[in-house]
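What follows is a short report on a single structure.
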Amino acid sequence: MSIRYGNHQLVLGSPPKPPKFSPNRKSLISVHFKGARQWDPSHISSSFSTKWPIWEHKILVRAASAASSAPLGGSDAEYSEQLLGPKLKQKARQVAGIDQEEIEDPTVLADSDSCFCEFNGVQLHHKICDAELSAPDTIKEGSTSQSPKKFNFPMILLHGFGASVFSWNRVMKPLAQVTGSKVLAFDRPAFGLTSRIKHPSSSNQDSRPLNPYSMMFSVLATLYFIDFLAADKAILVGHSAGALVAVDAYFEAPERVAALILVAPAILAPLTMQNVIKENQPGTDNQIQGNSSDPNTSGNLFSRLCGILSKFTNFIADSIAHMVKGMADMINTLYKKALSTILRSAFGVMLIRMIIDRFGIQAVRTAWYDSNQVSDHVVQGYTKPLKVKGWDKALVEYTVALLTDFTSKLKPPLAKRLSEISCPVLIVTGDTDRLVPTWNSERLSRAIPGSCFELIKNCGHLPQEEKPEEFVSIVDKFLQRVFGVAEEPLLQAAT
């Protein structure tokens, strides 16, 4: 029995079950298109069961429309592609994914002005700007007749964690004009295009080489570049974690540092020192002794017992404190060793990749006051070193070196040594630094005697990138005030 509905004839009863739609089977087209090679509505049967779901009819029509664009045939993959159309666009390659191509030789990624030199078996990538060579490019209109100032001190720029020489690109030439001397920036090991060392340590304790990922290596590399520039002293400019390298380099060789410029320094400022008056304690003891000297005093015996008990209690407390401290140091050492082992494992390396891939670019945008100003050029500048083979393991070794830096325990805490800095110090930071709080930088300036503190408005963690003109102007005024170089009068242009 059949019922005609418009141009279609509905068949009632129990018709044969229609075949399910399968885009990878050519039999579908031969059944429903009756062997047709091109889309032709007349070839589709008008008799179909009402028990077919509506969505199956829609799929059939869509498949037929896709088949009309090209003749059917070929392999199953080609046939399926004809029916389903072009595939969805694949997801963009991750910046730190395991599928990215990595380059063995970092020099392949170097710029035209890149240089490499060897220090303790490590190829250090660096760039140098000379005041004389950069003069035509950096002097602005209206001051073209102004000759560069001569401070007679070169400048060495130290980048922060996860950065490289790229973070100084916008200020290297202007700073060369300000100093009238050479400005050098280099990539610390584990960052930029400096070579990665696969085996940073030796099993022989007596002949263990200096770990290239340690803080001491960066300090010695900084002093090496002062000699490299044939200078007795240099101005050290450290940004974020690079500020710590600059300060440590000063304490390693204070006679080689002319001035320190700390930009958004990642140095924990000491807490406000509280003067605790302890002179009253001996007075109390004398008072007790004075009372105890009188044999007729009624509390004489009780005072002696209290004194003995107090001393015994203090002795027990000190013993427990030393024991707890020893146990804490032992647990801390074991914890660091266990964490180092985990980081060096395949899981740790994969975790580093996942973290950098997930939060790397976001961290760069967070560092800026206005994240919309972070261009593709900036993102590429920060992610280009991730194309160097072994960057992930190098970052692991850098982290492990920070955890197991036992040489720092042999020195007094940095917070107690800040007051010993005697060279001129400038601290510059942005008012909207989300990574290193502005209040920490301000408190750090109060801990260093005679230091200057400058705040750049509407600026984040990267003043040298986000506000390069204002940053260079602040550095210029600081150096003029410190080294007493008078501003030369500008020559008026002839009319």
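Remember, it's a predicted structure, so these values are computed and weren't measured experimentally.
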Side-chain heavy atoms of P463 within contact of E470, under 4.5 Å: no
Salt bridge (Lys or Arg N to Asp or Glu O under 4.0 Å), paired with E102, selected from K384, R196, R353: R353
Applying side-chain hydrogen bond (donor to acceptor under 3.5 Å, both in side chains) to N120 and not counting sequence neighbours gives none
Residues 243-253, side-chain donor-acceptor partners within the protein, below 3.5 Å, at least two apart:
{"unit_1": "Y250", "atom_1": "OH", "unit_2": "S422", "atom_2": "N", "d": "3.0"}
{"unit_1": "Y250", "atom_1": "OH", "unit_2": "S422", "atom_2": "OG", "d": "3.0"}

So L124 and D187, side-chain contact (heavy atoms from CB on, under 4.5 Å) or not? Walk me through it. CA-CA 7 Å; L124 297 176; D187 291 335; over 6 Å; no
Roughly how far apart are L414 CG and K416 NZ, rounded to 0.5 Å? 12.0 Å
Using a 4.5 Å cut-off on heavy atoms from C-beta on, say whether the side chain of I456 contacts that of E454. no
When S441 is tested against each of I427, L262, I267 for side chain to side chain contact (heavy atoms under 4.5 Å, CB included), which residue passes? I427
Apply the test side chain to side chain donor-acceptor pair (under 3.5 Å) to residues S240 and H461: give CA-CA distance (whole Å), side-chain angles for both, the deciding distance (0.1 Å), then the verdict. CA-CA 8 Å; S240 192; H461 186 63; 3.1 Å; yes
If we count only N and O atoms by modelled type, under 3.5 Å, do the side chains of Q380 and D376 hold a donor and an acceptor together? no
Should I235 and V475 count as side-chain neighbours, where that means a heavy-atom distance under 4.5 Å? no
CG-CG distance between D392 and D357, expressed to the nearest 0.5 angstrom: 12.0 Å
Between H125 and F116, how do the two ring planes meet: parallel, tilted or perpendicular, split at 30° and 60°? tilted
Between Y398 and F191, does the ring centre distance come in under 6.0 Å? yes
Does some side-chain heavy atom of F161 sit less than 4.5 Å from a side-chain heavy atom of L395? yes
Is the ring pair H239/W168 parallel, tilted or perpendicular, if the boundaries are 30 and 60 degrees? perpendicular
Using the six-membered ring wherever Trp is involved, compare the ring planes of F225 and F228 and label them parallel, tilted or perpendicular (cut-offs 30° and 60°). perpendicular
Is the shortest heavy-atom distance from the side chain of N211 to the side chain of F217 under 4.5 Å? no
If you define the side chain from C-beta out and look only at heavy atoms, does anything of Q373 sit under 4.5 Å from E466? no
